Protein chains: 2
Amino acid sequence: MFTVGEFARLGQVSKRLLRYYDEINLFRPDQTDPATGYRYYSAAQMAQLNRILALKELGLSLDQIRRLLADNISVDEMQGMLLLKKAEIERQMQAEMQRIRKIESRLLAVHSAESASPLNVVIKRIPAQPVLSTRTIVESFDAGLEIFRQIRTALPDRSRYGLCYCICHSDDLAEQDMDLELGCLLEMPGHSGLALRGGLHLRLGELPAVASMATIVVQGALETIHTGYAEIGRWAENNHYRLAGVPREVSLQLPTAADGRDLITEIQFPVEPLHRD
Amino acid sequence: MFTVGEFARLGQVSKRLLRYYDEINLFRPDQTDPATGYRYYSAAQMAQLNRILALKELGLSLDQIRRLLADNISVDEMQGMLLLKKAEIERQMQAEMQRIRKIESRLLAVHSAESASPLNVVIKRIPAQPVLSTRTIVESFDAGLEIFRQIRTALPDRSRYGLCYCICHSDDLAEQDMDLELGCLLEMPGHSGLALRGGLHLRLGELPAVASMATIVVQGALETIHTGYAEIGRWAENNHYRLAGVPREVSLQLPTAADGRDLITEIQFPVEPLHRD
DNA sequence: ATAAAGGTTGCCGCAGCGTGAAGCTCAAGC
DNA sequence: GCTTGAGCTTCACGCTGCGGCAACCTTTAT
């Protein structure tokens, strides 16, 4: 028989840990003096302790170990738990690989002067969203902004009408005569169409939900928005995603300056992981 | 300007998180009403928040992110932190690979009926250890046990003299006329040699420290001890270790039965990782 | 005017795995 | 018989990153 101290020395654990394991009912001393509470461990228990330590090394939680030790456990159950744990570690390694990729991608980006104005892609899940919108062909970017202003003027109520958004339905590179869907998000239901001055008509519609949307926030007008798209493209490539759908631009802040310098836009691009498991 | 609730919705984080980040000085609202404490976030801050979220995805702690955002940070420092983090993740992945290997090794072992009497290898760091020992050639295993008993009889003081140990200096497979070093660990210093009955003499010595010792506890006499060695060998192979030194046997419990059935021995085998990094 | 949202601070909890300290009792060697 | 080291119990805390709730205050819409 060994006392806690001796047993702890031999087993290379702390006394505290032995008491703790006793307390949580994981590993109890062979005998406990009922009068003094002294714990006495048998030599044979060293094998048991080592078993616990070995299982802990596998990454099992003390709770799982307790169940494994319950000795009414079958070989199959044991195997099941191990396989489960293995799968879990493998998942975790996948996630870590992702992180490594992201870090590497960022290490590349650090050099390309981006540290001044860092663009950061974040994945979001976007729910379906009722909107009020119109679709029209505009000749320039500024004409689009002008329509945003009209919408805002017609719908000043912030509690009912949310942010303005824009979807470009024409091929992306055309900078003239773009086919745009312009509108604003609806915060509250129960609204129908509305005519704007200038012959445009806002119709009730719904933006579909997107499970995984790569988003980025850019500050500035046309030029910067393009770099935002480029950044999302780079990001997707580096992180093994695929662009999968029609991007949206949500305007967080409409410009006050004429040149749109203080426009703040969130670009949203649906993506999918390349190797889904 | 957005209130916490709006900003939280747009950024897909909880209000609680925004308040928390404010509290820990990581991300503060653009303005705070001094009278009411209301937080107001600007649209431009969404980019900042996204940056924080992106860095969090990399696995950086909020503390590290705060330092990265301190904006007196240079590109080099940024790169340094990222490389550091990457190295850390890689270390972690190494560890997880090890765990996977251990689990796989155990999955193999589960089937070979070991679940009844599981042998569990644990790595320990063993410090240098003063001993009192004798070296002699014995004709059988039992003769060795008999010497243990003599030693114990000569040194009954548990507080000064610790466990008995044995090191086999002859080639391992010889079961007859083994060249054994037999002795007991010294718990307290200040002791010199001692003669035993039977012409043996205990000399003061020291077992060297071993940085990484694979240990296993076996219960039983010669036969079981051999399976213990076999198990350590298997374990080393499965876990990419190499046997590296002279093994010791430390007797946790000397037998009372004649056949040594209740002998409990800890086998200690120095090992080294095969691919050290 | 009033009620419903939505804001604020502050404190507790949790999850996992223990470590540390205070205050008391016990065993053992002289 | 006394000291001393070792055991005992119990309470606390630490780490991270928030979540949740209570109690109270503002703003906004009706």
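Please read these numbers as outputs of a predicted model, since none were measured by experiment. Naming: A, B, ... by sequence-line order, numbering from 1 per chain.
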Considering every strand and a 4.0 Å limit on heavy-atom distances, what is the contact class for [X]: base, sugar-phosphate, or nothing?
X       : answer
B:Leu62 : sugar-phosphate
B:Tyr40 : nothing
A:Arg19 : base

OP1 or OP2 of [N] sitting under 4.0 Å from any side-chain N/O of [X]?
X       : N      : value
B:Arg39 : D:dT26 : no
A:Thr3  : D:dG7  : yes
A:Ser14 : C:dG18 : no
A:Lys15 : D:dA6  : no
B:Tyr21 : D:dC18 : yes

Among D:dT27, D:dC18, C:dT19, the nucleotide that comes nearest once only the side chain of A:Arg16 is considered: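 Of D:dT27, D:dC18, C:dT19, C:dT19 is nearest to the side chain of A:Arg16.
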Selection from D:dT26, C:dG18, D:dC8 that lies nearest to any side-chain heavy atom of A:Tyr38: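 Between D:dT26, C:dG18, D:dC8, the one nearest the side chain of A:Tyr38 would be D:dC8.
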Comparing A:Leu17 and B:Gly37 on DNA chain C - which has the more 5′ nearest nucleotide: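 First, find each residue's nearest nucleotide; the 5'-ward one identifies B:Gly37.
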Parallel, tilted or perpendicular: rings of B:Phe2 and B:Phe7 (30°, 60°):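 It falls in the tilted class, 30° to 60°.
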A:Leu10 vs B:Glu266 side-chain heavy atoms within contact, under 4.5 Å: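 A side-chain contact under 4.5 Å is absent here.
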Heavy-atom check, side chain of B:Leu204 versus side chain of B:Leu186, under 4.5 Å: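 Result yes, sub-4.5 Å side-chain heavy-atom pair found.
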Short side-chain to backbone donor-acceptor contact, B:Gln253 and A:Ala44, under 3.5 Å: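 Absent.
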Gap between atoms OH and P, on B:Tyr20 and C:dG13 respectively (whole Å):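 Distance check: B:Tyr20 OH to C:dG13 P gives 18 Å.
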Whole-Å gap separating P (D:dC18) and CG (B:Leu49):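 To the nearest whole Å, that distance equals 11 Å.
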